[in-house]
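To start, the structure under review is shown below, and the notes come after it.
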Amino acid sequence: MKKIYSAIINAVTMSNSIQQEKIFVGVSWPYASGKIHLGHLAGQNIACDVFSRYHRLKGNKVLMVSGSDSHGTPILFKAEELGIEPEQLIQQSHQEIVNTFKQLSLIYDNYTTTATENHKEVVQNIFLVLKEKGYLYPQKSKQYFDEKVNKFLPDRYVRGTCPNCGAVNARGDECPECGKFLKPEDLIDPFSTLSDTTPILKETEHFYLDLKKLQPQLSKWIDETSVNWRKWVREFSKGWIREGLEPREVTRDMKFGIPVPVEGWEDKVIYVWIEAVVGYLSAAIEWADKIGKPSEWEEYWKDPKCKHYYFIAGGNTPFHTIIWPAELLAYSEKYSDDTLWEKYKFPGETKREKLNLPYNVPSNKMLLYKGKKMSKGDGVGMDADSLLEKYNSDLIRFFFLRYAPENHDREFEWKDLIDCNNNELVANIGNFINRTLTFTQSKFNSVIPEGVLDKEVEESISNAFETIGTHIEKCEFVKASEALLQFSSFANKYFNDKAPWASYKEDLKDCGNTIYNSIQLVNTLRILIKPFMPKSSIAISNMLGLEEESDPNIELDSTGVVNTYENNWEFNVIESNKTLNQSKILFEKILE
RNA sequence: CGCGGGGUAGAGCAGUGGCAGCUCGUCAGGCUCAUAACCUGAAGGCCGUUGGUUCGAAUCCAACCCCCGCAACCA
């Protein structure tokens, strides 16, 4: 038995000596034009939090940022539709999103918006550096213009007859009938969806991002970096490169947004490809300022050892594997140019070192609802709030992780949600905790009996920390949740095989030993579920009487910063003779 | 021939040349501390189709069929 303990002590010492890692987590920015829906949860907003909570528990330094995208045509038009000012819609939606995130126990180091002065400053800075380095150039073109509402029209706001199949309501980007991809100019008898009038083609001028020029560097970077990416993300991104990148428009004829900081361009704004993705950097800069250490963001953006993860989904993938890296590569030329370095410093910037590129982009596929993808734009799907009214947030967190569309699209099914709750949370994890604690109460008067850790229990525990941790680090969240359930199954089987209800009558010492071991397994479950189901973990802490334990995630949630870094992703023993609190049912069965 | 992913038990998936497997669900029996688990057994498959390579193919090759995403304002 001594050997077993020394093995545990060794494991603990070793894990503490592992060097602290730095992790930057960027999460896709939802449009401030409505509530968070189930697609957001399945896409990225649960996985990012599990990932960050895990790394904080390990004692790593994590910076997780995101915010509400407060610009763009959809917001403008949605506000018009509602008859309110865009600012009012943004304010309202941002607040709703923040509330939903809070209910789901999502902790961001900084969740901001793109409507801040800081963001504007950083975006314009990047725009100007790219321009000075020759990656942005102006070019004239003709676009549809609605004279009645006095606006240039984005592709999907122009409709007309499809030249391919003759359908009358084809959109400027695609015909929904025959699936043909179109340009607005292709449409026969075009009309504006804003006024039903016929738009005219009008000349305008825009800046273009010269992706062609960046292609060689980008191609090299993606070949080197994408080895550990999800297969579909890697192949998809490489496919884009293989096809050949084209220069793309990065400004728009609008007043709503961040103005182009060039003389004579005051009526135009910077488009989403530059504007929104820059939020990852500007939110980090804002965070540093908020915590009173204006240069602290450089720790995450300039230390080459800091790994950058972007949690996104679906069609956002190329923005994060192609366009954003391209902009970062181009921008980093600032650091080898004396003039630009002096002229274009970011707030708090002190180090003349390149910005970090993405390390991994664990992008998810789409969650389908009744066979269609959920989307804010099309109004398909369901918002997260209505789910939160019915079910507890830990179930929702666990479900959307366990059934996440990591490699394939997936249909959302109510039955899956109920099965996940009843078969996995209730019958597996909840059952083990409940049977152990009620047995301790009824047979041992709530006092943990004397015992020593069985070899198989010890092995299973250290294996669980190892396996689940590795899966999370590799962004394999479905596998991580499976491994958690496997561990819980082992615990149930252990209890069963040891049959303490039988040994209670024949061999009280053996019975006590089984319960001692089972309590250690309950405690291990409590630690293992921390990244997944933080509220349930706290509920178990209360039952075990462990309320005062230090936890970086609770620290961050309550104070806004993490000050203590130590490895909490490891087994610790609960001593014998400790008295437990009254146990409660952790997960309620859902009756259909 | 636009790019990419996929097609294996009712559902979800693993399986890169060697007897088709895992999880969940279904059915029967055992056990029972538990909102119940665990054990034993059972049912359920043309591995999308066709052809080829091979002693041997879910796996390698060719052609084809079907589903999905993307194609630049979708998470």
Side-chain angles (χ1 to χ4, degrees), chain A residues 27-31 36-45 69 71-75 77 154-157 173-174 181 211 230-243 246 248-249 252 271-273 276 311-319 322-323 363-368 371 373-378 380-381 402-403 405 407-411 413 415-416 419-420 422-424 426-428 430-440 442-443 478-479 482 485-486 488-489 491-497 499-502 504 511 514-515 518 585-591:
Chain A
V27 190
S28 183
W29 294 51
Y31 267 120
I36 289 294
H37 59 71
L38 303 190
H40 290 106
L41 304 186
Q44 67 271 302
N45 287 287
D69 187 342
H71 295 133
T73 345
I75 293 176
F77 292 158
D155 294 354
R156 48 184 291 206
Y157 293 95
D173 54 348
E174 180 188 359
F181 291 99
L211 286 169
R230 287 182 185 158
K231 190 182 167 194
W232 83 267
V233 177
R234 182 177 60 237
E235 296 307 319
F236 181 62
S237 304
K238 284 188 170 177
W240 268 55
I241 303 259
R242 232 180 290 128
E243 291 252 293
E246 293 297 320
R248 298 312 302 196
E249 246 179 72
R252 279 293 187 267
Y271 188 41
V272 65
W273 303 326
F311 284 79
I312 59 161
N316 264 338
T317 307
F319 290 81
I322 308 274
I323 293 173
S363 181
N364 278 352
K365 291 274 194 173
M366 289 290 182
L367 185 73
L368 307 175
K373 67 181 177 177
M374 299 193 194
S375 124
K376 245 178 209 184
D378 302 334
V380 175
R402 180 126 177 66
Y403 286 75
N407 299 304
H408 321 281
D409 287 343
R410 193 179 180 115
E411 178 75 18
E413 300 277 2
K415 186 180 179 298
D416 290 337
D419 283 353
C420 174
N422 290 355
N423 302 332
E424 298 179 339
V426 174
N428 190 350
N431 177 51
F432 175 70
I433 293 167
N434 188 46
R435 73 201 295 202
T436 300
L437 297 184
T438 53
F439 196 96
T440 312
S442 62
K443 302 293 195 293
V478 174
K479 286 185 178 168
E482 273 169 12
L485 291 167
Q486 265 172 29
S488 185
S489 291
N492 270 313
K493 186 164 157 49
Y494 172 84
F495 196 97
N496 229 75
D497 293 349
W501 58 91
Y504 180 70
C511 175
T514 300
I515 295 307
S518 297
I585 295 291
L586 199 57
F587 303 107
E588 297 283 349
K589 195 162 181 167
I590 299 170
L591 302 168

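Computed over heavy atoms, backbone and side chain alike; hydrogens, waters and symmetry mates excluded. Labels below follow one simple rule: chain letters A, B, ... track the order of the sequence lines, proteins then strands, and each chain is numbered from 1.
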Set of residues satisfying ring pair (Phe, Tyr, Trp, His ring centres under 6.0 Å) with respect to Tyr271(A), sequence neighbours excluded = Trp273(A)
Who pairs with Tyr403(A) by ring pair (Phe, Tyr, Trp, His ring centres under 6.0 Å), at least two apart in sequence or on another chain?
-> Phe399(A)
Separation between the P atoms of G4(B) and A9(B), rounded to whole Å | 27 Å
Nearest-Å distance once atom P is located in both U35(B) and C47(B) = 44 Å
With a centroid cutoff of 5.5 Å and a plane-angle limit of 30°, would you call Trp501(A) stacked on C33(B)?
-> yes
Without swapping roles, check the side chain of Asn492(A) against the backbone of Asn428(A) for a donor-acceptor pair under 3.5 Å.
-> yes
Kindly express the pairing pattern of RNA chain B in dot-bracket notation, using | wherever a base pairs with another strand and counting only Watson-Crick or G-U pairs under 3.5 Å.
-> .(((((((.[[[[.)..(..]]]].(((((.......))))).....[[[[[..)....]]]]])))))).....
Which of these nucleotides, C73(B), C33(B), A75(B), is closest to any side-chain atom of Arg252(A)?
-> C73(B)
State which of G5(B), A72(B), A75(B) makes the closest approach to the side chain of Tyr31(A).
-> A75(B)
Got a list of protein N/O to nucleotides 37-44 of chain B N/O distances below 3.5 Å?
from, atom 1, to, atom 2, distance (Å)
A37(B), O4', Asn431(A), ND2, 3.2
A37(B), O2', Arg435(A), NH1, 3.3
A37(B), N3, Asn496(A), OD1, 3.0

Identify, with sequence neighbours excluded, every residue that meets side-chain hydrogen bond (donor to acceptor under 3.5 Å, both in side chains) alongside Thr436(A).
-> none
Identify the pairs formed between an N or O of the protein and an N or O of nucleotides 6-10 of chain B at a distance under 3.5 Å, and give each distance.
from, atom 1, to, atom 2, distance (Å)
G6(B), OP1, Lys231(A), NZ, 3.4

